Each structure stands twice: as structure tokens, then as C-alpha cells.
Amino acid sequence: MMTDHAISLANIVKSYGASTIIPGLTAELGGGEFTVILGPSGCGKSTLLNMIAGLEEVSGGTIRIGNAEVQDMAPKDRGCAMVFQNYALYPHMSVAANIGYSLKVAKVPKPERDRRVAEAADIVDLAGLLDRKPSQMSGGQRQRVAIARAIVREPKVLLFDEPLSNLDAKLRHGMRKELSQLHDRIGTTSVFVTHDQVEAMTLADKILILDKGQIEQFDTPNQIYNHPASVFVASFIGSPPMNLIEVTGDGQNLTDTAGTVLASLLHTGPATLGVRPEKLRFSDTGIPFEVTYREDLGSHTIILGTLPNGQEINVATPIGDSRVGADRLMLQFNKEDLHLFDSTTGRRIEGQV
Amino acid sequence: MIERSNSIQRVAAFVMVIGTIFILAPLVIAFLTASRSYEEFVQAGGIEFSVGSHFVANIREILFETELPRQLINSFVISLLVAFIKCSFAFLATFALVFYQSRLNTLIFALTIATVMLPLELIVITTYQVVANVAMPLNWLLSILGIANLSEWIFGWRPEFQLSLLDTYIGVAAPIATSCTSVFIYRQFFLSLPQDLPKAATMDGAGPIRFMIDILLPLSWTPLVATFMFWFIGGWTSYLWPLVAASTPDAQPAIVGLAKMANADDETIPNVPLLMAGALFVSFIPVLLIAFMQRQIVQGLNLSEK
Amino acid sequence: MQALLYPKTYSFRRRPENILAACLLPRRESVVAQNFYKGRWSYTAFVAPILLLIGMFFYIPVFLSFFWSFFLERPFGGGSEFVGFQNYARILGDPEFWSAMRRTLLFMVIAPGLAIGVSLVLALAVNRGLRGSHAARNIIIWPKAVAGASIGVVFVFIFDPFLGVFQSINAIFPGLWNPRVDGTDAFITIVIAQIWNGIPFNFIILLSGLQTIPDTLTKAAAMDGAGPWRRIVDIELPLLTPQLFLTFVLEFVGTIVEAFGLIDTMTQGGPGGATNLLIYKIYSDGFKAYDLSGAATQTAILTIFVTVMVLLQFRLEKHVKYER
């Protein structure tokens, strides 16, 4: 069990020529934890992962794995292993040879190699397929070979570069479970890059949300969901995304652009009000809401409608809410479900309730 | 082919038959003629469409009384050299061009592709001059840098080196190997491989050279074999350059020997049967190669990883 | 037709025109995803062999032929003197040169045109997939192994007025066919031999081009009511333009020089210079008449000509191929 290899990123900078992708990033990824780096395309998450692995050079800053400073080390000396998005299995080698290749390069004697390969294959449930070639396997099986190849080296850190993106939805669900169980079993420090928030929310011990090379929030999934640190985080996590309404406060009430009072929070000046669709409730009194579009998903219904000021927001109600069929409804904004963000910076404003 | 439309099928069949006949005709005629003796040939007044019994005798004459057997060996060695040089040099270079980061990549690629645009035959005159003295660039360098003058002043000796590769296997083979279509073909192939292989190999602890040997080389087997055979045949049928570069019959490849044999014949009616036998003798190796390996060659040149 | 020429699943890189573009216009793809390794010494070691080879045996000779075209080289080692453009003036003023040029141009239009035309028809026929097309495909490639001088020896015999296939015709109409005497007849023999030579290579390229045309397109056309002949004209031929373009370029460049083996064994440039194409003239000027400067100058001129023609064809390529 390798649980004591924390990753310490101090002031990481990455630039290509004149453009800087990561201006300066500092974070401590806990040893034995499953950290997910989440963000939209182009935010620098893959670049960051590659820098931890050693596949790309850092332009500035230091990376520590455990106690060692590794940013100048070659990848093989860092003790990392990586699982790639398109598996990157060696097409001409058998599954066993694929898994054992790193051991062969490290000149591990054959009997021990075979033993460790068999062990790794067992962990990912591939025993009996060791003689096949990658082309004879399904996507899910290939992904497991890639994982086995990574864990056979007993690495200090396991890196995952969007490994589930090439799988279909059902397979993804199954693989998430397997990855989770794998982590429970071997406990290696893991860093997982994805743009899919569902993967992040379900797999992560902590999520590092990245946008344009900068950390938006680094916290547990629960905290990120319930206390998003910025508008970006708030709208990135959650499906359908959080509703964001421009409001102005006069010290007692918050009013939207049409003058409707939405809530009584002690805030003065402009702000952005956030409330998640599933936290809105229909009642007999409240803010008028005119329905434009309904999606009945079986387990819940998502209703798109307009507030008095014309803005469209989403409401998600659980199955069985009898008011779902109506065209004009009243919405309740509950104080404890509201989030307030600064209008200019987008950062969360605390302590208004 | 979706529906069985008769008119087009008949036309296609007809075209195929005519095409095949056109292709085979000269070879068949050559064979038939090679099976006659010289006397029969003269008597019959030329071409005859029946098989004679003199084929073996003609072949024996080729083997024992002409230079062709020795020259066949020359062809073989030269073609092997050409194919080997082309494949290995191109493989190494394309590996670097595709898998390394370097600003020189585009430039070097353009330099290699440019060689395809100007065939060797066009520059035989000056290639001859270069091969006649491969130390020429060295001499220039010494001269330009002033070292030659310096040496003359100090030692009274002006360094001028002379190394001729004419009439040698390598001298004939090297210029033929300069046409770099192989770079283009290998590049297309490398680009069709799964993308993150070098990264995976690096994470597994393998450096670029290990990657090339353990992973790239086995994967490239099909295009390598196909292009090897293709260039082997190309080297075999190369004519103008070997004609110029190899002046003694001992050093000439079989195709040049055959042409000389044909042109040297001063009789009113040349010994055509012998010449036909010679033509077949010169060509049977490449034809066999193509006939048995045509699937590999076509597949390899298809630029596809099917 | 212009809107959707390929289904979305057809790999972008494998599309023929992109292969062509990648080959001929390398500046478009200078940074590829696979670029990964760094390391100056190993990089140099890998590219050095081929660069040395082509530097030594291609670029230096090319440079030299331009260099020597400005000098008058005395044939037997008497040194050389710089004469500026005098060689060019001499060559360009020589009617022999221009007739050789004309003959070469004529040959360069007829032979590739016919070779590609015949190959196209053959490729279309073999593509039908009839019984025997595998055997046919195998055989059609054979001339590649017998190229040039060897088959020239055979062809000169076949076309011989008294010994070859035309002897019976000549018996009836004496003198009708005699490549030894009639320049046009000799020219024709070279053209036919060159077509025979050129079929395999073009055939392979065109056939593989035909086979990469997605099934879905031909099926869609059939659904639209197009019969097989129509489909050939409307779908297969237009989609084949990248390969056709490739064959034209390669065949063009190849024809200029491949004919040498044929000429040397079949007609030696005769009769009366009727088959004295530029490549043969350069050879005989250089190695038989020892007019090295003249040969070098003609080489330089021919090199410029070939380069210009090839570049022109690439400019043309943009108008010929379909945009997606």
C-alpha cells in the first residue's frame, strides 16, 4: 500500500513561447487520495497532468512527490504511471506483454515479471485474456489492460488522462465503479483528469476545478456542490446548472431587474444570485413563474420558465409534484439554498444569511 | 457493384481480357522465341507462334557463354543495397521527423520530398562527376576554408583527395537510393498509428531508441517489407545510371549487359532467340518477386493500416 | 455534390487529397500530435544518414549541373573557363536542341496521357470485382519487374519490320511499317513500349483510389437512380481526381527519363533523330560527344522545366480537387 506519497505543486508555471497557459498554480494533493482535476477544454488540466508525469517540462515552479523534488527528473524516475484516453496499448504485443513491458525495460527477471503481470491482471479482472492482442478486445477490456499496465509497476502516483471519454455511457458507469473499487483496494495517490462533472463528483476525494490555468476551487465534492466558490464553479457543477440571476440589494431585500423582490438578504449593491433548480419549490405564494418547456425524465421533471423580468430559469421537481402540469406557478426561494456572488469578480460572497 | 447490369459487366470483362493480353503478349512472345534455335529462327524468317525445343539450350548458352550470370549477381547485390539503404535510412529519418520535436522537421521533410521531383536520370552527368571523386566536397571545403592554401604554404603539399566509386557496388547503388518516396510512405504510416504510444513507452521507462526498436519496428513490418521489395525491383530495372557508372562488363548489372549484348550484335539477323532468353533470364527474379509478393506490395503501398 | 463528399466517419487523414497535400505541401503539417521526443544528438544521428546521402548524391549533382552550365569544360581535362550565359545562348540557339525539346514535349503529352488513360480503364474494369480480377490485377503489375531496357530488347524485336509481328503486313504492303527508316513509326514503337511500362504503377494508384471511395456514396447514387455507367462518370471519376492528379505528376516526371532505356535499346535516338528525346540527347552529348558543358546546360534547362511544370501542376491541383 502506497499511501504516503503526497503531491506538492508550488507555483507551477507553463508557457509556450509567448502564451502562458498556467500562470502560477499551487496545490497540495493528499497522499493516498483520489484527486480529480476538472475543467473545460483548454483549461490546462492535461498539461498539468503531463507535467506531473514528466511528459512535459515545467516553465517554472517545483513539483514534489513525497519528499523528492521531481520536476527535473525523467518520467521513469518519478514513480508515476499513466492511463491514457485512447489506451495507447502496443498493438503488436499480447496483453501480458503490454502489461509487463515496463518491467521488461526495468530488467525484472522473467519469473517475477510473470507473477506480477498475473497479479495485476487479476486485480482488473483480466485473467485468462493474457494471450490476446489488443485488437481482439473490447473498449472496456482495453482500458483495463491500460490500468493493469499502470499498476503493475506499483507506482507512487497513478495518473489518469480522461480515460473514460472513449467509452459509451453504460460502460463508463461500470468503469467508474471499478476504478473506485480499485482505489479502495490499492490506495495509491491518484490524479484523474476529466471534463465530465459526473465522473468528478462520483470518484473524487477532492476536486480541483481549473479554468484558464487557475484554480477556481479545490475542495471535497460536497463542499463544491453546496458552497461553490465562484460563478464558474457554480455553473460548471450540477445538471441542470445553477440558475444565476442578476440582482441589486438595498440592504434589506434583493430585487431583480424587473423590480421583483426575490429574497431578503443583507447585501447592498449589485450581485449575482444563485439557486439550484432542485432547490426551488412551487407553492401558493411567491415569485411568479411562467412555464415555457417541460422535460419529464421519469425520476424528476425539469421545467424551463421565465421570471417576471423575462429571464429563463430551470426548476427541477421530483416525481409526483402535482403542480407540474400548470402553466403559471409560484416559486419559493429559500434563504438557506441561496448563493450570492460578486457581480464583477464572480467570487462567492459569504455570510449574508 | 450493386446491380448486375450486363452491358457494363461484359465491357469490363472484355477490357480486362484485352488488358491482360496486352501485358502478357511481349513476355509470351519472348518465351516462344527463346525456345527456338538460331537456325530455326532464321529459317522461319522471324517470329513464330509455337513452342520450340531449344529453350534449355539457349539458357545454357546464356549461362556459360555470356557475361550475364556474373552480371545477374551484380544486379542482385546492387538491388539489395538500394533497397536496404532506402528502407533503413528512410526509416530512421522518418522516425525522427515524426516523433521528435524540432523546428527542422518541416525543412528536412521538404528536402527529402524534393528528391522525388527530379529523377536520377536527369542528373547523370554531374552525379557521374561526384561518384568519380566522392572526396570532391572535402576538397572544396579545404579550399574554401583556406586550409588547402595554408598547407601548401607550410608543407608545400596541397591536399587533394581522390576516391572513385565508379564500378563499385556502392557507387552504383547509392545515387539510385536517393529518391525519397519511402520517407513519405513511412510518414503516412507512422501517423496512422495510435497516438499516445511514445508517451506510454516513456512512462514505461523506454527511451526513444528503445521505442523505435521494441515498438515501432515490429509494427512497421508490413510497409517495410513491401517497400523493400518495391525498391529492390526498382533498383534491378535501373538502366541509365548503371550504364554510365559501371564501364566494365564485370561491374555492370544484368540489364546493362543485356542491352550491350543486343546492341553489339552486328549480324544482319541478330541472334534473337538468345537475346529473348537473355531478356527472360535478366527478368525472372523480379517477376517472380512481384508475382508472389504482389499482395504485400500493393497493401504496403496503399498507405493504409487495414 | 459539393456539400458532403465523405461521410463523417471517413478518417480525415486518409482522404486521398490530404495524403497528397501532406506529401506535396509539407508546410501545412509541421507540428504533428506525435511530435514528442527531444534530444539533439539522437535526432541528428537519425536524420544524418539520409541527409548525407541526398546531399552527396542529389543536391550536389543538381547544384553542379547549374554550376557547370556557366563554364566551358574542356573534354580531356584541360581545365575550364567561366563563360557566363554563353552555354545557354549556344544551346538555346541550337535547332537540334529545340527539335529534341519538341519531340520530348510531344512524347510527354502522348505517352503519359495514354498510359494513364489505359490504366484508368483497366482500373475501372478490375474494380468491378468480376471473376478473374484478382489474377488480372496480379498480371497487370508485372511490367514493373521487366521495365525499361529489358523489355526494349523484346519490343524492338516485336516491332522489327522483317522479323516481328508486322512482317506479314509488310509482305503485302512493303515499306508500310519500318521503324528503322520511318521516324514516326519509330516514335510510335517507343510510345507503345512506354505505355506498357507505365501501366502497372498508375494502375495500382488508380485502383487503390477507386477502392477507397466509400461504399455509401455509390449506394446513395444508386438510390438516386444512377445506373453503373452514370455512377462511373458522376461519382467514381470525380472522386478519383486526387489520384489522377498524382499519377499525372509522377508519370510526367517519370516519362521524361524512363524512356531512356527504351530508346537506347530500340532506336538509339534514330532514325535521323526522330526519337532523340532530350534525355537521350543529354546522354549522347555528355558521354559520347564529350560536350560536358552542353550536356550540363541542357540538364539545367530541363531541370528548370520539370520543376516549373511540377509547380504549375500543384497550382492547378487547387482548382481540380473538390472542397469539402
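This one's a predicted model, so the numbers in the text were calculated from it and none came from an experiment. So you know, we letter chains A, B, ... as the sequences are listed, proteins then strands, and number each from 1.
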Chain B contact via [X] - which portion, at a heavy-atom distance below 4.5 Å:
| X | answer |
| --- | --- |
| I279(C) | side chain |
| F67(C) | neither |
| Q268(C) | side chain |
| F155(C) | side chain |
| V306(C) | side chain |
| V310(C) | side chain |

Next item on the list: Mark yes or no for whether Y283(C), through its side chain, and V244(B), through its backbone, hold a donor-acceptor pair below 3.5 Å.
Entry: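 No; zero donor-acceptor contacts below 3.5 Å.
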[X] versus [Y]: any side-chain heavy-atom pair under 4.5 Å?
| X | Y | result |
| --- | --- | --- |
| V183(B) | I50(C) | yes |
| S150(C) | L258(B) | yes |
| F22(B) | I199(C) | yes |
| T126(B) | T299(C) | no |

Testing the basics here: between [X] and [Y], what is the closest heavy-atom pair and its distance to 0.1 Å?
| X | Y | result |
| --- | --- | --- |
| I54(C) | T178(B) | CG2-O, 3.6 Å |
| Y59(C) | L111(B) | OH-O, 2.6 Å |
| I23(B) | I139(C) | CG2-O, 3.5 Å |
| V146(C) | S283(B) | CG1-OG, 3.5 Å |

With a 4.5 angstrom heavy-atom cut-off, which part of [X] approaches chain C: side chain, backbone, both or neither?
| X | answer |
| --- | --- |
| P26(B) | both |
| K199(B) | both |
| T112(B) | both |
| W241(B) | neither |
| Y128(B) | side chain |
| L122(B) | both |
| L107(B) | neither |
| L104(B) | both |

Working to the nearest 0.5 Å, report the span between [atom1] of [X] and [atom2] of [Y].
| X | Y | atom1 | atom2 | result |
| --- | --- | --- | --- | --- |
| L311(C) | M117(B) | CG | CE | 8.5 Å |
| Y37(C) | F211(B) | OH | CZ | 4.5 Å |
| M56(C) | M136(B) | CE | CE | 7.5 Å |

Check: When the aromatic ring centroids of F46(C) and F95(B) are compared, is their separation below 6.0 Å?
Finding: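 Yes: the rings meet the under 6.0 Å criterion.
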Note to self: For a side-chain hydrogen bond (donor to acceptor under 3.5 Å, both in side chains) check, start with the C-alpha distance between Y100(B) and S42(C), then their side-chain angles and the critical distance, and finish with the verdict.
What the structure shows: CA-CA 10 Å; Y100(B) 271 75; S42(C) 43; 2.8 Å; yes
